[in-house]
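Accompanying notes for the structure given below.
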Amino acid sequence: MANRLDEILSHSLLAALARKETADIAAMERQANARTARGFRANLRRVAESGPAVIAECKKASPSKGVIRQQYDPASFARAFEAGGAAAISVLTDEEFFQGSLSHLEAVSAAVNIPVLRKDFIVDPFQVLEAKAAGADAILLIVAAHKNEDLVELAAEAHRWGLDILCETHDREEIERALALGFDTIGVNSRNLKTLTVDPQTLVEMVSYLPENVIRVAESGIAHAEDIERLMAAGYDAFLIGETLMRQPDPGATLALLLDRQYVSEV
Ligand SMILES: O=P(O)(O)OC[C@@H](O)[C@@H](O)c1c[nH]c2ccccc12
């Protein structure tokens, strides 16, 4: 199988550079400066003190599954996720492979009080400015997508705009790179981005390489309250859940049930 990550990354870069060509950078900078980012990491930390911190994801489609959700209104999902107890919202903004949009991010950011993550393949500093201007409070940076010097450059750009970073890893080597570069909110994605297959065992194995001062985020393939319980017991603080919620008629109510179940079983 061809390496999907490389394909997605090169498309992402071309699309970003095309948008940058016609963008009014000064206007975007004014917009970005006019907003104060809500603390993504701080809110995960706060919620994780008393239970699982869920980052609920708005995702219409994915390269592995095609269209996941026909009727897609990310702002109303996000409001329902907030009411259902989410610690943060993730919004796919990649158009080509996930049928996302920056306009989804804007709508979600305006609809909720909790922090919002721009979920995309960030490969150029321009995308960080876009994220802040559209209302993001955090961006995703995928270790597998970059050399260390690029990660440092993109992280500096995020900090310049007051954005937090969710740093995504897949294996021990990537976790060690993330830690060496000082990332303090680190996700382990059980989906291998080269083959797009999910291996749930990865999450349990990898958490032992993440020290306690790091916010440890389990990503992908989380479907049941038992998954959250098992991963929490293994050491995760936060849980990124997309497809499971998007496939339900009422995603917000499904999240509330997942969290309720968790709470009850903890008592
Ligand atoms: O829908 P799931 O299996 O709950 O997974 C959510 C999230 O982890 C996944 O969407 C994701 C993880 N890393 C990414 C990077 C880009 C796009 C998407 C992703």
Side-chain angles (χ1 to χ4, degrees), residues 3-13 15-16 44 52-69 72 74 77-78 81 86-102 104-105 108 116-123 127 131 136 138-146 151 154 165-171 174-175 178 183 185-203 206 216-228 231 236 238-248 251 254-255 258:
N3 180 338
R4 294 306 302 275
L5 181 61
D6 286 346
E7 177 194 344
I8 295 173
L9 291 174
S10 43
H11 187 276
S12 228
L13 181 60
L44 295 183
V54 170
I55 307 166
E57 183 159 280
C58 298
K59 175 163 74 170
K60 180 174 170 61
S62 75
S64 59
K65 302 287 172 70
V67 174
I68 295 166
R69 177 112 196 162
Y72 186 74
F77 298 148
F81 287 149
I89 308 288
S90 164
V91 186
L92 260 302
T93 58
D94 172 82
E95 296 187 5
E96 181 76 10
F97 301 94
F98 292 85
Q99 299 189 33
S101 158
L102 277 166
H104 297 166
L105 176 63
V108 166
V116 178
L117 169 75
R118 178 181 188 184
K119 188 63 116 46
D120 207 322
F121 300 86
I122 304 283
V123 285
Q127 293 167 287
I139 58 160
L140 182 77
L141 285 184
I142 302 171
V143 170
H146 302 286
L151 285 169
L154 292 166
I165 297 165
L166 173 60
C167 180
E168 178 171 305
T169 63
H170 300 86
D171 56 28
E174 288 178 15
I175 290 171
F183 289 102
T185 308
I186 299 182
V188 178
N189 191 355
S190 61
R191 185 180 298 283
N192 179 323
L193 290 179
K194 297 187 171 122
T195 59
L196 299 185
T197 54
V198 170
D199 176 5
Q201 202 39 40
T202 315
L203 291 175
M206 288 306 133
R216 296 162 287 191
V217 184
E219 300 180 23
S220 302
I222 300 168
H224 307 287
E226 291 78 11
D227 297 333
I228 299 179
L231 293 166
Y236 285 98
F239 308 87
L240 182 47
I241 311 178
E243 190 179 333
T244 296
L245 301 173
M246 286 294 115
R247 287 212 191 270
Q248 296 298 320
T254 303
L255 173 63
L258 266 180

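Atom set for the values below is all heavy atoms of this structure, side chains included, hydrogens, waters and symmetry mates excluded. Both counts, for ligands and for their atoms, begin at 1 and track the order of listing.
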Task: Identity and distance of the protein heavy atom lying nearest atom 10 (O) of ligand 1 - done: Glu57 OE2, 2.5 Å
Task: Distance from atom 4 (O) of ligand 1 to nearest protein heavy atom, with residue and atom - done: Gly242 N, 2.8 Å
Task: Polar contact flag, side-chain donor to acceptor under 3.5 angstrom, Ser220-Asn189 - done: yes
TODO: Measure the distance from atom 8 (O) of ligand 1 to every protein heavy atom, then report the residue, atom name and distance (to 0.1 Å) of the closest one.
DONE: Ser220 OG, 2.8 Å
Open item on the list: Contact between ligand 1 and Thr244 is defined here as a heavy atom of the residue under 4.0 Å from a ligand atom; is it met?
Closed with: no
Open item on the list: Give me the nearest non-hydrogen protein atom to atom 19 (C) of ligand 1 as residue plus atom name, then the distance to 0.1 Å.
Closed with: Lys119 NZ, 3.0 Å
TODO: Within a distance under 4.0 Å of any heavy atom of Ile241, pick out the atoms of ligand 1 and give their elements.
DONE: 4 (O)
Open item on the list: Using the rule side-chain contact (heavy atoms from CB on, under 4.5 Å), only one of Leu240, Leu245, Val91 pairs with Glu57; which is it?
Closed with: Leu240
Task: Between Thr169 and Glu174, a side-chain donor and acceptor under 3.5 Å - done: no
TODO: Examine distances only and state if a side-chain atom of Arg216 and a backbone atom of Thr185 form a donor-acceptor pair shorter than 3.5 Å.
DONE: no
Task: Donor-acceptor contact below 3.5 Å, side chain Arg69 vs main chain Met246 - done: yes
Task: The single option from Ile139, Leu44, Leu140 passing side-chain contact (heavy atoms from CB on, under 4.5 Å) against Leu166 - done: Leu140
Task: Among Leu140, Val198, Leu245, closest by any non-hydrogen atom to atom 15 (C) of ligand 1 - done: Leu140
TODO: Give a yes-or-no answer on whether the side chains of Ser190 and Asp199 include a donor-acceptor pair shorter than 3.5 Å.
DONE: no
TODO: May I ask you to list the atoms of ligand 1 that are less than 4.0 angstrom from any heavy atom of Asn189?
DONE: 12 (C), 13 (N)
Task: Top protein contact for atom 17 (C) of ligand 1, by heavy-atom distance - done: Phe98 CZ, 3.4 Å
TODO: Any atoms of ligand 1 less than 4.0 Å from a non-hydrogen atom of Glu243? List them with their elements.
DONE: 1 (O), 2 (P), 4 (O)
Task: Carboxylate-amine/guanidinium contact Glu219 Arg191, below 4.0 Å - done: no
Open item on the list: Tell me if the centroids of the rings in Tyr72 and Phe77 come within less than 6.0 Å of each other.
Closed with: yes
Task: Residue and atom name of the nearest protein heavy atom (relative to atom 3 (O) of ligand 1), distance in Å to one decimal - done: Gly221 N, 2.9 Å
- [ ] Do me a favour and list the nearest non-hydrogen protein atom to atom 13 (N) of ligand 1 with residue, atom name and distance?
- [x] Glu168 OE1, 2.7 Å
Task: Numbering as shown, the atoms of ligand 1 that approach Lys59 to under 4.0 Å (heavy-atom distance) - done: 1 (O), 2 (P), 5 (O), 6 (C), 9 (C), 10 (O)
Task: ligand 1 contact by Phe121, heavy-atom criterion under 4.0 angstrom - done: yes
